[in-house]
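Hydrogens, waters and symmetry mates play no part in the numbers below; they use all other heavy atoms, side chains included. One is the number of the first residue; the rest follow in order along the sequence.
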Amino acid sequence: MENEGVGWIAAIIIGGFAGWLAEKFMHSNMGVFMNILLGIIGAIVANWILGILHVQPLTGWLGYLITGFVGACILIAIGRLIRR
């Protein structure tokens, strides 16, 4: 994350916000810690998917927020599929 211009503290803050946005968008109910995890891991997952599709990964704060949001939504959807 340092290479992208987002430090660890910023990643936690942005990841938490991205996870919270995904939580509201997907109508799920999770806590602050889970929102942070979803946002950070979601950004990693979304960047991995973008890499597979040969799309240039998004960088910086806004890029991390967008990829974290999309990735967190994907993780919430996968979690719902597994629980059913």
Side-chain angles (χ1 to χ4, degrees):
M1 283 178 250
E2 288 290 337
N3 296 338
E4 299 175 3
V6 178
W8 286 104
I9 301 295
I12 291 170
I13 294 168
I14 297 169
F17 188 61
W20 177 79
L21 287 174
E23 174 187 54
K24 297 302 178 192
F25 182 76
M26 298 291 288
H27 303 290
S28 66
N29 188 16
M30 301 183 190
V32 174
F33 182 71
M34 194 63 167
N35 286 341
I36 293 170
L37 283 178
L38 279 173
I40 293 172
I41 296 171
I44 294 168
V45 168
N47 275 325
W48 177 72
I49 292 171
L50 289 174
I52 289 174
L53 299 174
H54 302 290
V55 176
Q56 186 69 18
L58 303 172
T59 59
W61 289 55
L62 184 59
Y64 190 79
L65 179 64
I66 292 169
T67 56
F69 170 74
V70 171
C73 288
I74 291 169
L75 291 175
I76 291 171
I78 290 170
R80 286 180 180 170
L81 288 174
I82 291 171
R83 278 187 268 173
R84 289 183 187 194

query: Of the non-hydrogen atoms in Tyr64 and Gly15, which two are nearest, and what is the gap between them?
result: CE2-N, 4.0 Å

- prompt: Roughly how far, to the nearest 0.5 Å, is OG1 of Thr67 from CG of Leu62?
  reply: 9.5 Å

- line: Of all heavy-atom pairs linking Ala72 and Ala22, the shortest is CB-CB, 3.5 Å

field: 4.5 Å side-chain heavy-atom contact, Ile74 and Ile49
entry: yes

- request: Any chance you could measure Leu53, atom CG, to Trp48, atom CH2, to the nearest 0.5 Å?
  value: 9.5 Å

field: Pairwise distance CD1(Ile78) to CG(Leu75) - rounded to 0.5 angstrom
entry: 5.5 Å

query: Taking all non-hydrogen atoms of both residues, which atom of Leu21 and which atom of Leu65 are closest, and how far apart?
result: CD1-CD1, 4.3 Å

- request: State plainly whether one hydrophobic cluster holds both Val45 and Leu81, where clusters connect Ile, Leu, Val, Met, Phe, Trp and Tyr through side-chain heavy atoms under 4.5 angstrom apart.
  value: no

Where Ser28 and Ile76 come nearest, the two heavy atoms and their spacing: OG-CD1, 3.8 Å

query: Are any non-hydrogen side-chain atoms of Ile14 and Phe69 less than 4.5 angstrom apart?
result: no

query: CE of Met26: more than 12 outside heavy atoms within 6.0 angstrom?
result: yes

query: Got a sec, which pairs hit side-chain hydrogen bond (donor to acceptor under 3.5 Å, both in side chains) with one end in residues 9-20, sequence neighbours left out?
result: none

message: If I compare all heavy atoms of Ala18 with all of Gly68, which pair ends up nearest, and what's the gap?
response: CB-C, 3.7 Å

- prompt: To which residues is Ile9 joined in a hydrophobic cluster, defined by side-chain heavy-atom contacts under 4.5 Å among Ile, Leu, Val, Met, Phe, Trp and Tyr, whether direct or through other members?
  reply: Ile13

Reported CE-to-CG distance for the pair Met30 and Leu38, which is rounded to 0.5 angstrom: 5.0 Å

